[in-house]
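It should be emphasised that the depicted structure is a prediction, and the values quoted were computed from it without experimental measurement. Just so it is clear: chains get the letters A, B, ... in the order the sequence lines come, proteins before strands, and each one is counted from 1.
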Protein chains: 2
Amino acid sequence: MQQLEQVVTSLRNEGFRITPQRIAIVDYLLKTKEHPNAERIHKTIKRKYPMVSLSTIYKTLDLLKERKLVNEIDVGGEARFDAHTDEHINLVCMKCGKIDDVDDDMLKEIRNKAAKKSKYFILKGSFELFGYCEICKSKRN
Amino acid sequence: MQQLEQVVTSLRNEGFRITPQRIAIVDYLLKTKEHPNAERIHKTIKRKYPMVSLSTIYKTLDLLKERKLVNEIDVGGEARFDAHTDEHINLVCMKCGKIDDVDDDMLKEIRNKAAKKSKYFILKGSFELFGYCEICKSKRN
DNA sequence: TTATCTAATAGGAATAATTACTAATTAATA
DNA sequence: TATTAATTAGTAATTATTCCTATTAGATAA
């Protein structure tokens, strides 16, 4: 994703209102690498805006998803959010829940091959690898 | 996945009981290509066993997942199940909900590269492409 | 700057998929 | 065939997300 100002400008240009809640959410997502879920975003934003509601978090995330400004990953029945929107692999640690990003040029190729073979019109891809992160794998039981 | 008898034998050898419910669920999953959700499996099994409960469906799916006899895919907040357990790409039609499988040898390579780069110990991969299937893309609005 | 208009918000209720619980049933065994 | 513990049916509980609505507050233009 881009800079905060770019996002704000593009939202404003599309006719959306710029609210402190929206700025806070976008700002947080741009700065973090932790792929938070809705609740974690809510808790974080609340430190600045104690009145912010969880439903606003969800509504804002919907808006950002539609505008392709954030990416949603489903992991174990809950949604996690990421401002890193170009195609990449999400490595999910099944012990601590951490998610790391890894880029790979082959993803584009895979996508194109699959589209050709299947005759699907593909809009987005989601690539997850599940396992144990470097820290958790050493202390695995 | 394998043949029904193989699955039954392996479950029995591991000390699990072979119940008509389990046989029916495994049999259905082996035969279908439609990547059903829990409710669809329930409805299908009910035709033979009207008393079967949804909780049994979920419990059996948990067992089969643990034994790596079925694969779970999260799509749009619901879980869909598949007896095709070797690594492959799931193409999800965002209009009709159909899921098609596509194999690609590069997946192994991607997995290995990502493991090396990230130092994760990887247990499973999940590769989804979302878009419109051949039928739906032509009648897209 | 102020008034107007309507999008956006807060807060809570509703929904839906999944999990947990428990008494009754039944597959495996000896 | 009797015994025993795993499994099941049925239902309640849980949890993430969506829906609903009165109130608030950005954006715009006078």
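Here CD1 of Ile25(A) is found 5.5 Å from CD1 of Ile45(A). Values are rounded to the nearest 0.5 Å. In this structure, the separation between CD on Glu72(A) and CG on Asp62(A) is 8.0 Å, given to the nearest 0.5 Å.
More than 12 heavy atoms of other shown residues, nucleotides or ligands fall within 6.0 angstrom of atom CG in Asn13(A).
Of all the heavy atoms in Arg22(A) and Arg17(A), the pair that sits closest is NH1-O, 2.8 Å.
Of all nucleotides in DNA chain D, those with any atom nearer than 4.0 Å to a heavy atom of chain A start and finish, going 5' to 3', at dA16(D) to dA27(D).
Rounded to an integer number of Å, the gap from Glu78(A) CD to dA17(C) P is 18 Å. Protein atom NZ of Lys43(B) is 14 Å distant from nucleotide atom C1' of dA17(C), rounded to whole Å. The separation between Glu66(A) atom CD and dA8(C) atom P is 11 Å, rounded to whole Å. Residue Leu64(A) contributes atom CG, which lies 14 Å from atom C1' of dA8(C) at whole-angstrom precision.
Looking at Gln6(B), its side chain does come within 3.5 Å of a backbone N or O of Gln3(B) through a donor-acceptor pair. Between the side chain of Arg80(B) and the backbone N or O of His35(B), at least one donor-acceptor pair lies under 3.5 Å. Between the side chain of Thr44(A) and the backbone N or O of Arg40(A), at least one donor-acceptor pair lies under 3.5 Å.
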For residues 124-131 of chain A, run the donor-acceptor check on the side chains, cut-off 3.5 Å, and write out each pair with its distance to 0.1 Å, sequence neighbours left out.
from: Ser126(A); atom 1: OG; to: Glu128(A); atom 2: OE1; distance (Å): 3.4
from: Ser126(A); atom 1: OG; to: Glu128(A); atom 2: OE2; distance (Å): 3.0

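Of the residues in residues 50-61 of chain B, Ser55(B), Tyr58(B) come within less than 4.0 Å of DNA chain C through at least one heavy atom, sorted by number.
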Annotated protein contacts, base or backbone, on nucleotides 22-30 of chain C with a non-hydrogen cut-off under 4.0 Å, one of B, S, - each: ----BBS--

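Every side chain to side chain donor-acceptor pair (under 3.5 Å) that Asp27(A) has, sequence neighbours left out, goes to Lys31(A). His88(A) pairs by the side chain to side chain donor-acceptor pair (under 3.5 Å) definition with Asp82(A), Asn90(A), Asp101(A), not counting sequence neighbours.
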